[in-house]
Protein chains: 2
Amino acid sequence: MTNEDKPRRPTISDVAAAAGVSVKTVSRVINNAPSVRPEVTERVLAAIGELGFRRNHIASSLRSGQATATIGLIIEDLANPFYSALAAAVGRYARERGTHLITASSEESPELERRLFLELCQRRVDGLIIVPAGGDHSYMRPELEMNTQVVFLDRPPAGILADSVLIDNAGGTRAGVEALLGRGHRRIGVISDSTTIYTARERLAGVRAALAGAGVPYDDALVRTDVAHPDQAAAAATAMMRGGDPPTAFFCGNNRITVGVLAALGRLDGDHDARGDTRGDTDVDLLGFDDFELADLMPRPLTVIAYDVGELGRTAAARLFDRIGGDRSWPAETVLPTRLVRRGPRRPAS
Amino acid sequence: MTNEDKPRRPTISDVAAAAGVSVKTVSRVINNAPSVRPEVTERVLAAIGELGFRRNHIASSLRSGQATATIGLIIEDLANPFYSALAAAVGRYARERGTHLITASSEESPELERRLFLELCQRRVDGLIIVPAGGDHSYMRPELEMNTQVVFLDRPPAGILADSVLIDNAGGTRAGVEALLGRGHRRIGVISDSTTIYTARERLAGVRAALAGAGVPYDDALVRTDVAHPDQAAAAATAMMRGGDPPTAFFCGNNRITVGVLAALGRLDGDHDARGDTRGDTDVDLLGFDDFELADLMPRPLTVIAYDVGELGRTAAARLFDRIGGDRSWPAETVLPTRLVRRGPRRPAS
DNA sequence: CGGGGTGTTGACAACGATGTCATTCGGACC
DNA sequence: GGTCCGAATGACATCGTTGTCAACACCCCG
């Protein structure tokens, strides 16, 4: 039996003993420091290989002060494709710079956001990217003053000054709704997430701006907010369609709402079919914020307000790495553009 | 000017000085140790608040030996909904236990998988969950012997003994294909990911078993492997449909392939429509491994081999936490069941 | 009134690595 | 031949925290 069952990891000093040199020399070899004789280097490397030594990154980053080569990402919900796409983009950017990523979901809870933020600071991450849930980030100030870098993503900070990377929510929505208006729609159902969320407010502002520009009144009966789940969106759309004077088009405030409304309209169509009606609702026009992978496979045409999610994540990551690298310029707000994209089944060329 | 611009974080000893106690007493207060007089506790807490002290988790976990309260997750691609759902489930489970999660994507590269694994070990994560890309994990052995816990997820380990949590790939596929056969299909197109991937091999084995059971020959012309992208799947399906004696049904080896094939069939339908044909391909039956959120909104009916992704992630996480908690029982393979689910548009009740 | 808790506190070492500085040893140079 | 210089190496302190152990005060009991 030559195998050893010691559960203890070899340390730099075990290696030093095995190689017959000092710990400092081992440290030098590990860090590719100059001025170590090739012969000694070789002996140390041999010992490292034999013992299966791996440098303790924890101890290393403690001693050297900063640079844990780790960043944190706080998002709302990793299971949402929008956020997982963001996380993937940030993770890839970090990876290319030898940095690891701790991802955490705040589930739209300001309290959890705060806890996660502070916990990640305790881990001395080099910086954080955060899609904030809360409406006040002054609690971050002490950490910012102590050299923790933070970039806000998709939603701006409140109560502190920090970099943010956003998309043109209001402008994109306005353009989309104007397109609906241009197609003759005058009754547009609006289904939105909670207005406590920045992006929802901005998008609603875009709706109002477009309506005002066309002189179309804003009808509260056609606006539903606080919709957090596709099922709620479906219910809201169904209710509007069954009401008197139903909308001829919908604006859906995000991808989950779009999906819910699509499902609801599909069911309404199905009911009509079952009753032998013509597909009466097929001409309901749909505008949704956020593109999604399967949009082209949806059973009806829709317009989406699209933007490059990967770009959004990369831009935030790039900003953060600039900061970590020592950039101390005045915090900036970056706004990425959106564009309208027609999705859904290809119409047969008639 | 009373504010201080020192970028240095206060340490436990700054707090001790401010409160007029020893560092050890501060440590006791931080850790809720008993036997500190309430009055002293209060003084220390006041000092902590005033200085904005936060315990350095790095130093703490270095001193106390183990327990970084961090686990690692290595998956193929966070942008894929399957993996992000896994990551979300694992992250939530970890969060509930006060543990953070470092997620990394190996992009199906065994070499990258290995690098990520070793890097995470250097960070002294308490354990790792890995969806392996490689076919040999003996490189992990030294780490395992040094008390790093590893659970394999979705694919089993090779070359070492470790826990794994899988789904019933072969059985689920067999059941699905048998259902197709039961509906009379004899020519079933099979589109699969690379057979270097365990799950792809297992699923193909399920296909063969079902065919063999029904006495239907396995026709190589109807099998396409190494499909890594929806577009490739679409191309493969299109080619088969355009060939002589096209399949009357497809088995799609994963969600991305299903999406590609759906898109291809949709385009073929569209072409027929454009030429004034009837929707000639509508009766092509579709079976796909993996459920996906928008399956019900797909333009045609399909059957999916579904399983609970959240459960998969939670089960692996639970196993890992058991191990971290000290469970040293013999490694086990857990296989979760699948079920067939009919998806797609609701047919009008006729 | 002394012995033996119990409760509170602090001095010191240690975790595993790296920065600082000193030491040693050749060889180049005057 | 002595001096100086740089390369190679090691002793030791240090990062921020916690474990160990000792010191001290106080109280209960016999």
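Below, chain A is the first sequence line, B the second, and so on; all start at residue 1.
Here dT18(C) presents its C1' atom at 15 Å from CG of N32(A), a figure rounded to the nearest Å. We find that CD1 of I12(A) is positioned 13 Å from C1' of dG19(C), with the value rounded to whole Å. One interatomic measurement links the two molecules: CD of E39(B) to C1' of dG7(C), which rounds to 15 Å at whole-angstrom precision. Distance I58(A) CD1 to dT17(D) C1': 13 Å, rounded to the nearest Å. Look at CD1 on I30(B): it is 12 Å from P on dG19(D), rounded to the nearest Å. In this structure, the CZ atom of R8(A) is 11 Å from the C1' atom of dG16(C), given to the nearest Å. A straight line from CZ of F53(A) to C1' of dG16(C) spans 8 Å, rounded to a whole angstrom. In this structure, NE2 of H57(A) is placed 12 Å from C1' of dA17(C), rounded to the nearest angstrom.
Nearest nucleotide to the side chain of R63(A), out of dT9(C), dT17(D), dG19(C): dG19(C). For S22(A), whose side chain is taken as the heavy atoms from C-beta onward, the closest listed nucleotide among dG16(C), dG10(D), dT9(C) is dG10(D). Side-chain proximity of N56(B) to dG16(D), dA11(C), dT9(C): nearest is dG16(D). Among the nucleotides dT17(D), dG10(C), dA8(D), the one closest to the side chain of A59(B) is dT17(D). Checked against dT18(C), dT9(D), dA17(C), the side chain of K24(A) finds its nearest nucleotide in dT18(C). Ranking dA17(C), dG16(C), dT18(D) by closeness to the L62(B) side chain, first place goes to dG16(C). Nearest to the side chain of N31(A), among dT18(C), dT9(D), dT9(C), sits dT18(C).
When heavy atoms are screened at a 4.0 angstrom cut-off, T25(A) is found touching the sugar-phosphate backbone but no base atom.
Figure legend: cation-pi geometry between R319(A) and F321(A) absent, as NZ or CZ is not positioned both under 6.0 Å from the six-membered ring centre and within 45° of its axis.
Of the side-chain N and O atoms in R55(A), one or more sit less than 4.0 angstrom from OP1 or OP2 of dT18(C). Contact annotation: S60(B) side-chain N/O to dT18(D) OP1/OP2 distance is under 4.0 Å.
Comparing R28(A) and P38(B) by the nucleotide of DNA chain C that holds the closest heavy atom to each, the one mapping nearer the 5' end is P38(B).
Using a 4.0 Å cut-off between a side-chain N of Lys or Arg and a carboxylate O of Asp or Glu, R43(B) and E39(B) qualify as a salt bridge. Ionic pairing of E107(B) and R92(A) is present here: one or more N-O contacts between side-chain nitrogen and carboxylate oxygen are shorter than 4.0 angstrom. Taking 4.0 Å as the cut-off between side-chain N and carboxylate O, E145(A) and R141(A) do not count as a salt-bridged pair.
With 3.5 Å as the limit, one finds a donor-acceptor pair spanning the side chains of T70(B) and R123(A).
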